[in-house]
Amino acid sequence: MLRAISAAAALIVAGCGVAWAAVQGEHPEEYPFSFESPVGSYDMAAVQRGFQVYQQVCSNCHSMDHLAYRHLGEEGGPFALYMVRNHETGAMEPHVGRPEHGGTFVEVTDNPYVRAIASAVTITDIDPNSGQPADRPGRISDHFRRPFPNAIAAAASNGGAAPPDLSVITSARHGGARYVRSLLMGYDGQVNGTLNHNPYFPGGWLAMAAPLQEGAVPYTDGSPTTVEQYATDVATFLQWSADPHMEQRKRLGIVVLAFLMALAGLFYLAYKQVWRGESH
Ligand code: HEC
């Protein structure tokens, strides 16, 4: 009897666990992102490729309201431009992304890469002469172009679910960049009307169809053009956008720690000096 009760209890507990996993979503797959350690920094090449994936794929549905094009070229940004001296020729050469060491930062207004990214985008603005909506090329001061004019239009085009803004999505979701990476790789092909099955999504069914296909985004740096690589890169880019000052913060943390350790050493010496020869 007792055994039957405990078996039933175990079944109930296990059943709840399975149900809970379905509601919560499966735990994201582990991945050693370079930014996760206390002294880790962003893999800037991955952030650059991730921007490319966002721009070519995700920006058709998702806005990133917190970002302006100029942010891409500010210090710590993926397309920040530095002039670095070539030690063999002595000439100054442009370097995009964080240089190994040294380098003079070029103001974003003089950064041709960021200008090219912005001007390739078409922004619908108000024509200052006619007062009518008119298209113009983007400027570096523009915020990222929104794919839909408002949330209602966004939901109407996406089976009733508006695609969320992605500016801070890695902070807003449990599991952060790992969750985004796993979600993008986790589709199992089951479709039910406008809903798609994905075990990492809480509830299991979401309105976003698998957005990444192998080979869809051409890479110029020789990285593999696989769904896994795209998912990893775009998750890295979204982590950067949610926390663009992480590297400065960690650097400051190290300086503060070193300072406190030096100060502790000085206090110890002072203590020894003051109490020299005293017995206590
Ligand atoms: C065709 C439109 C479309 C494209 C392209 C698209 N998404 Fe989505 N996405 C959606 C919709 C719609 C939702 C809302 C799904 C829901 O709540 O059911 C969504 C939701 C999400 C979510 C939130 C899931 C959650 O936890 O709420 C993330 C993260 C996401 N998309 C990332 C991306 C990334 C990264 C890309 C580019 C690789 C991308 N999406 C491309 C339409 C799209």
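Ligands are counted one by one from 1 in listed order, and the atoms in each one are counted from 1 as well. These values consider heavy atoms only, across backbone and side chains, with no hydrogens, waters or symmetry-generated copies.
Atoms of ligand 1 found under 4.0 Å from any heavy atom of Val57 (numbered from 1 in listed order, with element): 5 (C). Using a 4.0 Å cut-off to heavy atoms of Tyr179, the atoms of ligand 1 that qualify are 24 (C), 25 (C), 26 (O).
Using a 4.0 Å cut-off between a side-chain N of Lys or Arg and a carboxylate O of Asp or Glu, Glu36 and Arg178 qualify as a salt bridge. Ion pairing between Arg98 and Glu247 holds under the 4.0 Å rule for side-chain N and carboxylate O.
Of all the listed residues (Ala207, Gly50, Ala172), Ala207 holds the heavy atom that lies closest to atom 15 (C) of ligand 1.
Within the 4.0 Å heavy-atom cutoff, Trp205 does not count among the residues contacting ligand 1. Residue Asn60 places every heavy atom at 4.0 Å or more from ligand 1. Close to ligand 1: Phe201, with a non-hydrogen atom less than 4.0 angstrom away.
The aromatic ring centres of Tyr179 and Tyr200 sit 6.0 Å or more apart.
Neither the backbone nor the side chain of Leu195 has a heavy atom within less than 4.0 Å of ligand 1.
Within a 6.0 Å sphere centred on CG of Leu269, other residues, nucleotides and ligands contribute more than 12 heavy atoms.
Residues satisfying the salt bridge (charged side-chain N to carboxylate O under 4.0 Å, His left out) criterion with Arg136, sequence neighbours excluded, are Asp125, Asp142.
A cation-pi geometry, defined here as NZ or CZ lying under 6.0 Å from the six-membered ring centre and within 45° of its normal, holds between Arg49 and Tyr219.
Nearby protein atoms of type N, O or S around atom 8 (Fe) of ligand 1 amount to 2 (distance under 2.8 Å).
Proximity of a side-chain donor or acceptor of Lys250 to a complementary backbone N or O of Phe35 within less than 3.5 Å is detected. Here the side chain of His197 pairs no donor or acceptor atom with the backbone of Trp205 at under 3.5 angstrom. Judged by distance alone, with hydrogens and angles left aside, the side-chain atoms of Arg181 form no donor-acceptor pair with the main-chain N or O of Val234 at under 3.5 Å.
Using modelled atom types, one finds no donor on one side chain facing an acceptor on the other under 3.5 Å when comparing Asp127 with Gln132.
For atom 25 (C) of ligand 1, the nearest non-hydrogen atom of the protein is Arg173 NE, 3.2 Å. At the top of the distance list for atom 12 (C) of ligand 1, counting protein heavy atoms only, stands Ala161 O, 3.3 Å.
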